[in-house]
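Worksheet: one structure, shown below.
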Amino acid sequence: MTNLHRSIGAAAVIPLAAVALALIFPNQQAFLAQIAITALVVLSLDLVVGFAGLATLGHAAMYGAGAYGAALYALHVWAEPLTGLIVGGLAGATIAFLSALMLMRSHGLTFLMMTVAITQILYEIVNKSRAVTGGDDGLYGIVMKPLLGVFEFDFYGRLAFWYAAVVLWLVFLLLRHIVASPFGLTVRAVRDDGDRVATLGGNIFGHRVALYTLSGAIAGLAGALSAQTVQVVGLHSLSVTFSADILVMLVMGGAGRLWGGLLGALVFMMIHHYAAEIDPVRWMLFVGAILVAIVLFLPKGLFGGLEALVNRLRGRAPA
Amino acid sequence: MFSLIASILIDGIAYGLVLFMVSVGLTVTLGLMRFVNLAHGTFAMIGGYAAATAITALGLPYGLALICAALAAGAIAYGLEIALIRRLYHRPELDQVLLTIGLVFMGIALSGMMFGNSLVPVRLPEFLRGATDLGFRQVPTQRFVPLVLGLATLIGIWLLFERTRFGIRLRATVDNPRAAGELGINTRHIYAAAFAIGAALAGLGGVAGAELLPVEPYYPLKYLVLFLAVVAVGGPGNMLGSFVAALLLGTVETAGKYLAPDFATIALYALMLLVLSWRPEGLFRRTSKT
Amino acid sequence: MSALLETRSLSKSFGGLNVTNNVDLAISSGDRVALIGPNGAGKTTLVNLMSGALPVSSGEVLIGGDTVTHMSQQDRAHRGLIRTFQITRLFESMTVADILRVAAVQKHKAGLKLRWGRARTDLVERDVERVLADIKMQDRRDSPVTLLAYGEQRLVELGVALVMQPRVLLLDEPAAGVPQSESHIIMDAIERLPSDLGVVFIEHDMDLVFRFAERIVVLVNGGVFATGTTDEIAANDDVRAIYLGEADE
């Protein structure tokens, strides 16, 4: 296969998977929309964790900002979905940019702690600003106008799913491009050894701020999609727990590879959907055990493991 | 006014000392052994459950229950170190974060299954119940428990590190594991022991602080940030730094609760954010020889 | 003409300890200067001060006559001052060509660009090919760097610096840790460095020092103990007593 064929093939995977899922689960489209939205936020997290190498438990700050931003915009300004999407992306980017100015000179544990602190502060502010945000009741009654002025949001979540899947697809293509760009290459170099990049004249701080802002914008898009399709926004979207959940998904799929994030979100959401109904406590035990097992036995996640398996079957040396 | 300040100080210091007891082991793991352990709070929770069980089910006196708490937390930590943790010392930070989050989740689930999801009280002996009159205010007598145990921990830690062969060996091991190994120090054993001692102290802290940080399955996740904040602000690896940071954070949060209960949490996190962006290595960086 | 790189009364202390003490150095185009001295003499610290990895305590650093004492590492790099490290520091997840590409992207200030574009690709690939040829590693371009022999890794470390086409190159023990059987590939590469480049290198192996250096600076306790041509230093009894004698052990 030539490179061109390969990248066209890769670009077709998401639409094909979306069609397949819609055919297999015709009555679960709202849930499928949730998967697509979660995959989008996991993808944005991968930029920070996988490509920049920074462990964060504060990614919900940007997702929540996007969700609340889009919800408030729909409730008070205009219920048009696409402009709302942009508002959500901008909200996420703004929060990310402002926190990046504080965050991006630190790393490791200090970085982790500061992401948690920022998220908790936002959480508390939203929690206390009851008049605007509804406090712990959240915001509800969000009714969107038709998408592109034509397509009505339906009760079964059909439009929601296609809407989310298309946004996910476009962002995925964009990120594939960015990861391979001079910026993407430099970001990976900064992850491996930031100081070394500085000795070559690279601006570490600038790269990290740019990357974090980009990641925040995408998380904001995901938040906006969630607000528009679920029509409810709650404090959970701003919580450290949610941040931890998406981190688990990313690691399960394989951090540092865009496919890994997608796969992780899909598998995690599927298992959660069917297992959590049974017993939330056992679910937690299961997630914990999975995490421990992946770190010990499958450090590159499901996608890395799958890739190694395919390579072995093809008789190639592992990459 | 005076009684308000005094109240804040008494409660804040008691709270701070609980934070110190739980966090001091974490500062050793994080700062000296370079292992990011997000599951440290689990050991405090184990201590709490062990003490509650010892008193309620076995009818042991409070003092013995404290020892049970320390032993249970220390023994479980020792087993975990040998089975899991030591494989991760040379792995990237992210892997350590993930593995220990996994342990937190498992800890929450297991304790929920074993002890139920409600708070488990640690029953106090007669002489610790009731209140002590300080003239300007009544203070629950049990608030003196963290005071006594916390100060004892500080002194004990100092003696252990500065005055025992174990302390010398631990310091040698973290400074230069290879050289320490060549000197005949069993570095694996030292690491396991240090990890277990830190966990035992956390177990003690879990019991002493049961009034302020109630024992429940979500304990390790709920207070995780608090314990990490103490370490991060104090400077990882700096035990005296952790002591000061614990008192500082404890007092600030307590003051917040007295003065503006709605904003206590925000104040705590804002303080942490401020300190860490001002000094990313914590207030008291551990100075190492170059 | 002013020197390419100059230090004036450069000093650094950690706590109360002076690790660099009033060092005056001047490197001109084409210089080959060896920095020698016993362990703990402050050789790497001096390189760190010149490259901007450490803030100075007092004194000045100049590049091409301009004061850069308070400039960051990256600004000094853009002014043509590039260093290598004693312990290989390469981007571990990458192939040889990608590592060189990272350097070329920084050289052309394209680190924040989201598109390659034909013109930029040409610039970057030309640099990469030039250096692969310089270090004779064309056939290793797609090897993950972690799979290379240590000697080859040291060569890539040097290659990263060469991508930048520096005016002054600071080499911190370029052959450190390389087995005898491989060290000639490093030596050959150093011998082929552009003749107008100013080179300062730290080295312990006296054979290498005498093979490459024209001038030797002897550091002892952070200060310049002696400086001169290789012949002068070889004939200097004090240096022999303090340093060369030790090296024989």
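This one's a predicted model, so the numbers in the text were calculated from it and none came from an experiment. Quick note on labels: first sequence line is chain A, next is B, and so on, each numbered from 1.
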Go through C:Phe85 and A:Asp193 one step at a time and tell me if the side-chain contact (heavy atoms from CB on, under 4.5 Å) criterion holds. CA-CA 12 Å; C:Phe85 289 86; A:Asp193 189 341; over 6 Å; no

Residue pair C:Val105, A:Phe183: steps toward the side-chain contact (heavy atoms from CB on, under 4.5 Å) verdict: CA-CA 9 Å; C:Val105 165; A:Phe183 174 68; over 6 Å; no

Evaluate side-chain contact (heavy atoms from CB on, under 4.5 Å) for C:Met94 paired with A:Leu185, printing each intermediate quantity in order. CA-CA 10 Å; C:Met94 297 189 185; A:Leu185 185 67; 4.3 Å; yes

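Note on A:Ala180, A:Gly184, A:Gly206: by heavy-atom pairs under 4.5 Å with chain C, the leading option is A:Ala180. Looking only at heavy-atom pairs under 4.5 Å with chain C, the residue among A:Ile204, A:Asn203, A:Leu211, A:Asp195 that has the most is A:Asp195. The candidate with the highest count of non-hydrogen atom pairs below 4.5 Å against chain A, out of C:Ala77, C:Gly111, C:Pro144, is C:Gly111. Counting heavy-atom pairs closer than 4.5 Å to chain A, the top-ranked of the candidates C:Ile82, C:Ile99, C:Thr121, C:Asp98 is C:Asp98.
By the 6.0 Å contact criterion, CD on C:Gln138 is enclosed, its count of non-hydrogen atoms from other residues, nucleotides or ligands being greater than 12. By the neighbour-count criterion of 12 heavy atoms within 6.0 Å, atom CZ of C:Arg115 is sparsely surrounded, having that number or fewer from other residues, nucleotides or ligands. Within a 6.0 Å sphere centred on CZ of A:Phe97, heavy atoms belonging to other residues, nucleotides or ligands number 12 at most. More than 12 heavy atoms of other residues, nucleotides or ligands lie within 6.0 Å of CH2 in A:Trp259, so this atom counts as buried by the packing criterion. Under a cut-off of 6.0 angstrom, the local environment of CZ in A:Arg188 is crowded, with over 12 non-hydrogen atoms contributed by other residues, nucleotides or ligands.
Counting only heavy atoms from C-beta outward, the side chains of C:Arg76 and A:Thr199 never approach each other to under 4.5 Å. The shortest side-chain heavy-atom distance between A:Arg196 and C:Gln73 does not fall under the 4.5 Å cut-off. No side-chain heavy atom of A:Pro182 sits under 4.5 Å from any side-chain heavy atom of C:His108.
Heavy-atom distances place both the backbone and the side chain of C:Val160 under 4.5 Å from chain A. For C:Ser93, the parts lying under 4.5 angstrom from a heavy atom of chain A are both the backbone and the side chain. Within the 4.5 angstrom heavy-atom criterion, only side-chain atoms of A:Ala210, from C-beta onward, approach chain C. Within the 4.5 angstrom heavy-atom criterion, only side-chain atoms of A:Ile178, from C-beta onward, approach chain C. Interface remark: C:Arg120 contributes side-chain atoms only to the contact with chain A (heavy atom separation under 4.5 Å).
Within the model, atoms NE2 of A:His177 and CG of C:Leu114 stand 6.5 Å from one another, a figure rounded to the nearest 0.5 Å. Interatomic distance, NZ of C:Lys113 versus OG of A:Ser181, reported as 11.0 Å (0.5 Å rounding).
A distance-only check finds no donor-acceptor pair linking the side chain of C:His78 to the backbone of A:Leu200 [under 3.5 Å].
Checked for salt-bridge contact, A:Asp192 and C:Arg89 miss the test: no charged N lies under 4.0 Å from a carboxylate O.
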